[in-house]
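Beneath this line is the structure, given in structure tokens, with notes to follow.
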Protein chains: 2
Amino acid sequence: MPIAKLDPIDRKILAELQADGRMTNVELAKRVGISAPPCLRRVRTLEESGFIRGYHADVNSRALGFEVLVFAMVGLQSQAEVDLSAFEALCQGWPLVRECHMLNGEVDFILKCAAPDLSTFQSFLTGDLLTARNVASVKTSLVIRGAKDEPGVPFEVLEQRLAQTS
Amino acid sequence: MPIAKLDPIDRKILAELQADGRMTNVELAKRVGISAPPCLRRVRTLEESGFIRGYHADVNSRALGFEVLVFAMVGLQSQAEVDLSAFEALCQGWPLVRECHMLNGEVDFILKCAAPDLSTFQSFLTGDLLTARNVASVKTSLVIRGAKDEPGVPFEVLEQRLAQTS
DNA sequence: AGTGAAAGTACAGCTGA
DNA sequence: TCAGCTGTACTTTCACT
């Protein structure tokens, strides 16, 4: 199911639902310029084909007491596939770790971690991350302040790109 | 509006809507154990008080052709507040930059960038980021593969924490 | 278009300070 | 007693065939 299967209306639907995932179907249909029933069919198709993975409320973590956001750069001793997968599995089991990406270059992984306070993070750092098997080095950077945090995909870039090649 | 104002039902609502933001109100009410009208009122209150910032469809960026994800570490020449804000404003205007956080330590900012392909990212890097005023150094790391990418807040951690202090 | 269900509103009852 | 929250009843709007 490549991107070629998406027409401009499908892309508009995706952009609108990315901006407001609780929009009613009639409102969505009005915005994309078709009537409600075909609009709903398109949304279902986009869900089933995996273009839409789900819908999530954007919860204000700071208001809930998560004051600490940290990026951790992790280097491993062994980069064998088994060991990489083992570390990834560990990360998936740690709730404080919200994101884990394998990188090229000097470090092996970057982790984005959220915690209620510094002491919670530090007990995770020293108790879990630094003592995990195969972890060679961890460099942490505290987020002083957030300047931008956009969920999802820049549809503007996509449309520009499609306009050029058409 | 501190966290103390949230009772266990409110927290359950937040957790459920974070997991599935398009759940109907009656389904939500059933899950949290109250009837629909008060449940809806609670949701509205959570929205108005800023605990819920919005709802977003989780769009599969890779299926849409965004194959490249890059973390960029940016160092500035001047860290005066005016200059920091100026750089943040630039980032807010760049659609490829999805996240921008100010860090402590050696680098000043970490940027998370999404692009359709490497050449698009490189033209952004050389044409926009590296040539921006006050940018001293940029180190980029390409994401080889993603191992975890959870939106939102780990409610498990929150509940553990509240259970201890009660 | 039409049916069945959900969202949203008004009002009355319950519970705790 | 009074404030706040809950549940029942009802209307309007939406989802779905």
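Below, read A as the first sequence line, B as the second, and so on, with proteins coming before strands; counting in each chain starts at 1. For the numbers below, each heavy atom of this structure counts, side chains included, while hydrogens, waters and symmetry mates do not.
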### Task
Give the B/S/- string for nucleotides 5-17 of chain C, one per nucleotide from 5' to 3', where a protein heavy atom under 4.0 Å of the base yields B, of only the sugar-phosphate yields S, and otherwise -.
-SSBB--------
### B:I34 CD1 to D:dT8 P, straight-line distance once rounded to whole Å
12 Å
### Message
Please give me the minimum heavy-atom distance between B:C91 and B:C100, naming the atom from each residue.
### Response
SG-SG, 3.8 Å
### Message
Quick check: closest heavy atoms across B:L28 and B:E16, and the distance to 0.1 Å?
### Response
CD1-CB, 3.6 Å
In residues 135-145 of chain A, what donor-acceptor pairs under 3.5 Å come from side-chain atoms, sequence neighbours left out?
| residue | atom | partner | partner atom | Å |
| --- | --- | --- | --- | --- |
| A:K139 | NZ | B:E106 | OE2 | 3.3 |
| A:R145 | NE | B:E88 | OE2 | 2.8 |
| A:R145 | NH1 | B:E81 | OE1 | 3.2 |
| A:R145 | NH1 | B:E81 | OE2 | 3.3 |
| A:R145 | NH2 | B:E81 | OE2 | 3.2 |
| A:R145 | NH2 | B:E88 | OE1 | 3.2 |
| A:R145 | NH2 | B:E88 | OE2 | 3.2 |

### Query
Does a side chain donor of either A:Q18 or B:Y55 reach within less than 3.5 Å of an acceptor in the other side chain?
no
#### Entry: Gap between atoms NZ and C1', on A:K30 and D:dC14 respectively (whole Å)
13 Å
### Query
Got a sec, which pairs hit ring pair (Phe, Tyr, Trp, His ring centres under 6.0 Å) with one end in residues 75-94 of chain A, sequence neighbours left out?
A:F87-A:F109, A:W94-A:F124
